[in-house]
Amino acid sequence: MNPLSATAVGKRYRTRWALRECSFAVPEGKVVALVGPNGAGKSTLLRMAAGLVRPTTGELRTFDTPTDGRTHPDVSFLAQDRPLYRDLTVRELTRACAAMNDRWSADRVREVLGLLAGVDRDAKVDTLSAGARTQVAIAMALGRLPRLLLLDEPLSDLDPLARDETLRIIMTEVADRGTTVVVSSHLLSDLREVCDHLLLVDGGRVQVDGDIEEVLAEHRVLVGPVADESAVGGTLISATRTGRQSTLLLRGAGRAPEGWAGTEPDLESLVMGYLRASRERRLR
Amino acid sequence: MIWVSWRRQRPQLITLLAVLVVGAGAVVLLRSNMVDTINSLQLNGCVTRVGPECLEGSRAGDFRGAWTTELNLGQAAILALPALIGVFIGAPLFARELEQGTHVLAFTQSVSRTRWMSSKLVVALAPALVVLIALQSLVSWWLSAAGLLGPRSSGSFHFLNFGIEHASPVAHALFAFALGTFVGVVSRRTLVAMTVTLSAFTVVRFALSDVVGRLVPTQRLEVAAGESLAESRGGNLAVESGWLDAAGQRVSTDRADALAQACKTTAAGVRRTQEEWLACLPRSGLAKQYATFVPEGHAWQVHLVDASIFGGLAVLLLAGTAWVLRRQS
């Protein structure tokens, strides 16, 4: 049973398709990096998984239950704008969230709020820093004891220290409870530390879906002469050509031919390669 | 869930409580001052019946001069309260959540949208209605102390009297509140919801105030030309009046005016006296005058019609609110 699976999911806003024909399955216990440019449909996908948005076509299932305008009891969602009752204190907010849930762990919330810098529980949510607010929002999400945690840009607006703290909260959750996590972010270097699965969405479609190690091993970055690319095998994903040399991102390239230097790409250059390619496709 | 709604609604509830306390205090104080004035002017008899000394004379005049404005303000307050409930409690209830995105917090917890919505509705609406009914009763108690010396003398159907009696204020408040929530979920903007609610409520309220009286059985009075229709007036609600021909058919207003005008002079152009004029009318086809009206004693029927129209609209709007929220993403 996959925590999250999509079958030909599409979502149309008026005339624009935010997602089209998306099919994938998230394996249990994985930490999935959901990456893509702005407007790729990442937020739509997460909101759909949280039961907030209904798919126009296809079906999205959380724990084998179609999301039908309701959040699955085992799913927690951290929205991008961190919706919290800002006129309440942290303590009151905790009480409110506990009252709105059938299953709730006050201990878990206390634990997360007490982690690292800690959050003043009698402060109004409004007065907290962006980092502390994200920490509170994550604490509320974890209080539901989820088996699937959906995080929409959990690291945006955070300073490096808060970013590190937030990542550590997520890693602790995964280590303690084996929670499956889907996290969307632009900060690829940060994601690399916590994620083991990649889901690359662009133009409303899934471009890459797989274990990060495997995906990286499948790809090669080849640097070589501009003149002759005939010896290069595999599928060309993207290429940057300057006056002197070409840098190619290839899938299933095998060994580097004579005159070319081959390396395994890191996550950042892999994602960059795909995004550059899809932008060029759109511009063409 | 009730606690969450209560905590979210706390500022409005405290304001409501303050309105109740201040309003009740003001009414109690004003009423006791007014009763003192009535006693000192020896007008006690005029409260329950209209004697000659109550209509003219300096004492009744003094009293009216001193208290009419205050009493009318008390009535206006009850008349305005439903609109205020709609604008300040109904409109922001969901609009604020949608505007700030906090509905997402509620929608991603275990509580169902329906339960979330109904608990918010109950916590916001019930205290508002309690305060409204309390203040309505207090103002009514104050008005009865003035009796026929006060605004009650203009009859149950007077706009200020009708709007604050019986079930009407509660029905108007329900309607304003439901209108506010509906506009709120559709517009998703607090300020827009508040303004639209105020204008729409005012328009509907005025538009329907003339209509409700026509929806209850009326009584009809027919008199010969020149006789008085006074019996149909007074505190009653006049619905229609005009002329009938010898066959008992209604004569159109234009035609009746023309005929009455024609009777004022003879064929030779000589001006007729009043008696001659009255005698001329039946001959030209204006046999009788009639008036239909709702007697003041039947005001409760009009109140019931009023309450069911506004209550029905409120139910429709609340259903619309629920429908929009269910589809909300």
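Owing to the predicted nature of the structure, the values given are computational and were not obtained by experimental measurement. To find a chain, count down the sequence lines: A is the first, B the second, and so on, and within it residues start at 1.
- Listed here is the closest heavy atom pair of R7(B) and D87(A): NH2-O, 3.3 Å.
- Both the backbone and the side chain of S112(B) have a heavy atom closer than 4.5 Å to some heavy atom of chain A.
- The two residues T102(B) and P83(A) come nearest to each other via the heavy atoms CA-CB, 3.9 Å.
- Y85(A) approaches A106(B) most closely through the heavy-atom pair OH-CB, 3.9 Å.
- If you measure heavy-atom distances from L88(A) to chain B, the contacts under 4.5 Å come from both the backbone and the side chain.
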### Query
Between D81(A) and Q100(B), is a side-chain contact (heavy atoms from CB on, under 4.5 Å) present by the stated rule, with each step listed?
CA-CA 9 Å; D81(A) 54 356; Q100(B) 297 175 350; over 6 Å; no
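- L105(B) places a side-chain heavy atom less than 4.5 Å from the side chain of L93(A).
- Two residues are said to be in side-chain contact when any heavy atoms from C-beta on lie closer than 4.5 Å; F107(B) and L52(A) meet this criterion.
- Between chain A and the residues I2(B), T108(B), V111(B), the largest count of heavy-atom pairs under 4.5 Å involves T108(B).
- The 12-atom threshold is exceeded at CZ of F63(A), counting heavy atoms of other residues, nucleotides or ligands nearer than 6.0 Å.
- Other residues, nucleotides and ligands contribute at most 12 non-hydrogen atoms within 6.0 Å of the CH2 atom of W323(B).
- Evaluated for a side-chain contact (heavy atoms from CB on, under 4.5 Å) with S110(B), the options R103(A), R144(A), M100(A) yield exactly one hit, R144(A).
- For R10(B), the part sitting under 4.5 Å from any heavy atom of chain A is the side chain, from C-beta outward, and nothing else.
- Here Q109(B) contributes atom CD and D102(A) contributes atom CG; the two are 10.5 Å apart, rounded to the nearest 0.5 Å.
- Open room surrounds CG on L191(B); 12 or fewer heavy atoms of other groups in view lie less than 6.0 Å from it.
- When heavy atoms are compared at a cutoff of 4.5 Å, R95(A) approaches chain B by way of both its backbone and its side chain.
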